[in-house]
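Here the structure comes first, spelled out in structure tokens, and everything after it is commentary.
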Amino acid sequence: MSGWAPGGALVSTIEVTATTVQRGDVIQLGGWACRVTDLFQLPQGAKQLLFESGELLTIHARSRLTAVRVVRRR
């Protein structure tokens, strides 16, 4: 699914893993929308995500999450 965000940016709902998650992705966790501000690589392919709220989430290499990603127009 995709749509337009204010400012003319295209947003799409995607599935992310520890390999594909990026800064700026918005992940829905427990009813809260959490924007990823930083990523830290951990052993065995895991990653630790830092959100704007200051909270951390560690995801396993095989974890799959749904996220919204803003795709900037060129």
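Throughout, residue positions are numbered sequentially from 1 according to the sequence presented. It should be emphasised that the depicted structure is a prediction, and the values quoted were computed from it without experimental measurement.
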**Report entry** Those residues that, when tested against Gln28, pass side chain to side chain donor-acceptor pair (under 3.5 Å) (two or more places apart)
**Finding:** none
**Report entry** Atom pair CD1 (Ile27) and CG (Leu57), whose distance is rounded to the nearest 0.5 Å
**Finding:** 7.0 Å
Report task. Return the minimal non-hydrogen interatomic distance between Leu29 and Cys34, and the atom names on each side. Result -> CD1-SG, 4.3 Å
Query raised in the report: Residues two or more places apart in sequence or in another chain: which of them pass side chain to side chain contact (heavy atoms under 4.5 Å, CB included) with Thr19?
Result: Thr17
Which pairs would a plain distance check flag for residues 61-68, meaning a side-chain donor or acceptor within less than 3.5 Å of a matching protein atom at least two apart in sequence or in another chain?
| unit_1 | atom_1 | unit_2 | atom_2 | d |
| --- | --- | --- | --- | --- |
| Ser63 | OG | His60 | N | 3.1 |
| Ser63 | OG | His60 | O | 3.4 |
| Arg64 | NH1 | Glu15 | OE1 | 3.4 |

Report task. List in chain and number order the residues that pass side chain to side chain donor-acceptor pair (under 3.5 Å) with Gln41, two or more places apart in sequence or in another chain; answer none if no residue qualifies. Result -> none
Query raised in the report: What pairs with Glu55 under salt bridge (charged side-chain N to carboxylate O under 4.0 Å, His left out), at least two apart in sequence or on another chain?
Result: none
Requested in this report: Please report the C-alpha distance between Phe40 and Leu49 in whole Å, then the side-chain angles of each, then the deciding distance to 0.1 Å, and finally whether the side-chain contact (heavy atoms from CB on, under 4.5 Å) criterion is met.
Outcome: CA-CA 7 Å; Phe40 303 98; Leu49 312 179; over 6 Å; no
Query - Non-hydrogen side-chain atoms of Phe51 and Thr37 separated by less than 4.5 Å - result: no
Query raised in the report: Residues two or more places apart in sequence or in another chain: which of them pass side chain to side chain contact (heavy atoms under 4.5 Å, CB included) with Leu56?
Result: Gln48, Leu50
Report summary line: Minimal heavy-atom distance between Ala18 and Gly45, with the atoms involved, is CB-O, 3.4 Å
Query raised in the report: Would you say the side-chain atoms of Arg35 pair up with the backbone N or O of Gly24, donor to acceptor, closer than 3.5 Å?
Result: yes
**Report entry** Residue pairs, two or more places apart or on separate chains, that pass salt bridge (charged side-chain N to carboxylate O under 4.0 Å, His left out) and touch residues 37-47
**Finding:** Arg23-Asp38
